[in-house]
Structures are given as C-alpha cells and as structure tokens.
Number of protein chains: 2
Amino acid sequence: MGLRADYVTRPREWIASILAREPRFLSAAQIHQGLERDGARVSLSTVYRTLDHLQGKGDITARPDADGEVTYMLCEPSRHHHHAICRTCGRVEDVDCAAMEQFAESLRARNGFELDGHAIEFFGKCGACR
Amino acid sequence: MGLRADYVTRPREWIASILAREPRFLSAAQIHQGLERDGARVSLSTVYRTLDHLQGKGDITARPDADGEVTYMLCEPSRHHHHAICRTCGRVEDVDCAAMEQFAESLRARNGFELDGHAIEFFGKCGACR
DNA sequence: CGGGATTTTGCGAATAGTTCGCAAATGAGG
DNA sequence: CCTCATTTGCGAACTATTCGCAAAATCCCG
Ligand SMILES: [Zn+2]
Ligand SMILES: [Zn+2]
Ligand SMILES: [Zn+2]
Ligand SMILES: [Zn+2]
C-alpha cells in the first residue's frame with residue numbers, strides 16, 4: 001500500500017530513449033515505428049501505457065496536434081515555459097516565460113528561430129464565474 | 001462551373017444558431033445534443049459536414065481540446081486574435097493581439113477575467129531549417 | 001407554381017486513435 | 001533461484017470522425 005512500484009523494463013528504456021533523442025512532439029504511432037526501426041519489438045498498447053506512465057511522473061508533455069492526434073515530448077511541464085515549434089521540421093525549442101514581449105527578438109537572437117506566427121491561450125475565471 | 005453552391009438548409013441554420021448562442025468551444029457531439037434538446041433532428045454526419053463547411057467559409061474556429069477531441073466556435077480566424085478561456089465554464093472572450101505584455105492587466109480590467117495561466121506556442125523556422 | 005440539375009442529408013459501414021481485460025512474461029527483493 | 005507485484009502482448013472494445021450511396025431538399029429557370 002503506499003509506495004507505487006516503478007519497474008525498469010526494456011520497453012520503457014527503449015521508449016524513453018526514442019523520446020530522448022527527438023526534440024519534437026511524436027505521436028504514439030511514430031514512437032512505435034521508431035521502436036520497430038530500432039529492432040525493438042514493443043506493442044502499441046505498451047507505448048500508450050508507458051506514455052501515460054511518463055506523463056504521470058511529470059517527465060513528458062502531451063499535446064494534441066492540429067488534427068487532434070495526441071503527441072508527446074520529453075519536457076518537464078513543472079518548469080513553466082513555452083515552446084517554439086518549427087513549421088518545417090517540428091523541432092521544439094524551449095522558451096522561458098519571463099518577458100513575453102521580448103520573445104520574438106530573443107528567439108531569433110538566441111536560437112536563430114524565425115518567428116512567423118503564434119498561438120496563445122489564456123486561462124482563468126471569467127467575470128460571471130467569480 | 002466556378003461558383004460553389006452554398007445551400008441554406010434547416011440543419012445548417014439550426015447548427016449555426018446553436019453556435020451563435022454559445023460563446024465557447026463545442027464538440028460535434030455537444031452540438032448534436034443541443035440540436036436534440038431543441039427538437040431538431042439532424043444526423044451526426046451532417047453536424048460534422050456542416051462544421052467543415054463553416055470552417056471552409058472561415059466562420060468558425062476549430063481547436064482540439066486537451067484530450068484531442070476537436071471543438072468548434074463561431075469566431076473569425078481571419079481577424080488575428082487570441083482567446084481567454086474560462087477554466088470553470090469554458091466561456092471564451094476574444095483578446096486582440098496588440099500588446100501581449102498588457103494582456104493580463106487589460107483582460108482583468110476589460111472583462112473581469114481573472115488570469116491564472118496561459119499557453120503559448122510560437123511557430124516559424126528553426127535555425128537548422130533556414 | 002412546377003421540373004430538373006445540383007447539393008445536402010441520413011444511414012450504416014468503414015477508419016483511425018486509444019483503451020481494456022486477461023493470461024503470460026518480466027523485474028524486484030530476499 | 002523463488003515468490004509476488006508489476007508490466008507486457010494480444011485481441012477485442014470504444015470513441016471520434018469519415019465515407020458511399022440512395023433519398024430528400026434546395027435552387028433556378030421557365
Ligand atoms: Zn519544453
Ligand atoms: Zn526546423
Ligand atoms: Zn475568437
Ligand atoms: Zn466562466
């Protein structure tokens with residue numbers, strides 16, 4: 001009772017290693033394909049379960065892509081920050097949250113990232129709900 | 001041949017009217033339920049097709065929710081702006097894109113919206129892709 | 001007000017992504 | 001090694017979304 005087990009297994013190591021070397025959001029299917037390419041035989045169910053597991057540990061971030069397919073990336077959501085996503089290759093660069101207004105400039109300066117769009121969502125309580 | 005037909009039909013009017021009175025993102029299923037509640041019998045397929053149609057006309061915005069289910073709201077995506085989404089009731093208020101830094105303040109002042117979080121995504125080309 | 005060409009709808013079947021149940025395999029600990 | 005809890009694989013079940021096709025609705029024009 002109490003302690004939650006956290007076995008180290010081949011499938012989990014393989015999946016973590018795929019995520020570790022891809023700085024972009026990957027779908028469960030893409031991860032599964034990556035495993036096959038590496039010669040690692042892991043069921044798709046296990047991929048999903050491992051992703052849930054990693055998400056539970058706070059090791060990965062999940063996000064539905066434009067079509068609603070959920071994608072995952074190694075990234076600590078606990079450290080509040082945002083993402084710059086390359087429209088061409090999908091590469092993700094972390095962006096801290098300090099000065100929003102400077103983002104466009106600093107992004108370019110720091111990462112060579114050429115900004116051409118952004119999406120923002122604010123959350124909170126509307127007047128009626130307070 | 002050129003002109004694209006754009007029939008005015010009951011289902012389309014009903015669906016548009018549901019969207020018109022809900023300032024929040026609704027899933028196809030929620031819209032379908034709303035139609036039934038109104039006594040309007042429309043198939044779920046038609047709901048999806050009408051949503052595609054409205055999206056094609058640029059009348060609605062679609063966005064996958066956290067679980068990947070796609071949701072829709074009456075909102076012109078052509079006028080670039082962002083959304084403040086109430087964590088409690090889902091109400092969406094439009095926010096223009098001018099001065100990002102002032103958003104938190106102005107949101108509260110203008111709409112009584114109490115901000116407690118935000119998600120931002122930048123898009124563009126990374127250094128490697130340029 | 002029809003009549004016919006065109007578009008839209010409903011239905012059920014087909015997809016695609018994700019989850020589940022359960023028996024067999026694996027990892028942790030002694 | 002042995003034992004027990006956890007994890008895996010497999011196939012079936014689910015859910016959201018899309019499709020094909022015949023029937024119904026809309027529009028246009030006379
Ligand atoms: Zn990150
Ligand atoms: Zn790139
Ligand atoms: Zn809007
Ligand atoms: Zn609210």
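Every chain is numbered from 1, with letters handed out A, B, ... down the list of sequences. Values below: every heavy atom of this structure, side chains too, minus hydrogens, waters and symmetry copies.
- On a pure distance criterion of 3.5 Å, a polar donor-acceptor pair joins the side chain of B:Y7 and the base of C:dT6.
- Exactly one of A:H80, A:H81, A:H118 qualifies for a ring-ring contact (aromatic ring centres under 6.0 Å, His included) with B:H118. That residue is A:H80.
- No hydrogens or angles were tested; on distance alone, a donor-acceptor pair under 3.5 Å links the side chain of A:S45 to the base of D:dG11.
- The hydrophobic clustering, which links ILVMFWY residues whose side-chain heavy atoms are closer than 4.5 Å, places A:V92 and A:V95 apart.
- Among the nucleotides C:dG10, C:dT18, D:dG9, the one closest to the side chain of A:V70 is C:dT18.
- Between the side chains of B:H53 and B:D59, no donor N or O sits under 3.5 Å from an acceptor N or O.
- Distance, A:D6 CG to C:dG29 C1': 16 Å, rounded to whole Å.
- The CG-C1' distance, from B:D65 to D:dT15, rounds to 13 Å in whole Å.
- Comparing B:T71 and A:H53 by the nucleotide of DNA chain D that holds the closest heavy atom to each, the one mapping nearer the 5' end is A:H53.
- Below the 3.5 angstrom threshold, one finds a donor paired with an acceptor across the side chain of B:R49 and the base of C:dG10.
- Salt bridge status for B:R21 with B:D38: present, with a side-chain N to carboxylate O gap under 4.0 Å.
- At the phosphate of D:dT17, OP1 or OP2 sits under 4.0 Å from a side-chain N or O atom of B:Y48.
- Within the nucleic acid shown, A:T9 comes within 4.0 Å of sugar-phosphate atoms alone, with no base atom in reach, counting heavy atoms only.
- Between B:L44 and B:V8, the one whose closest nucleotide on DNA chain D sits nearer the 5' end is B:L44.
- Taking the side chain of A:R12 as heavy atoms from C-beta on, and the options C:dT18, D:dT7, C:dG27, the nearest nucleotide is D:dT7.
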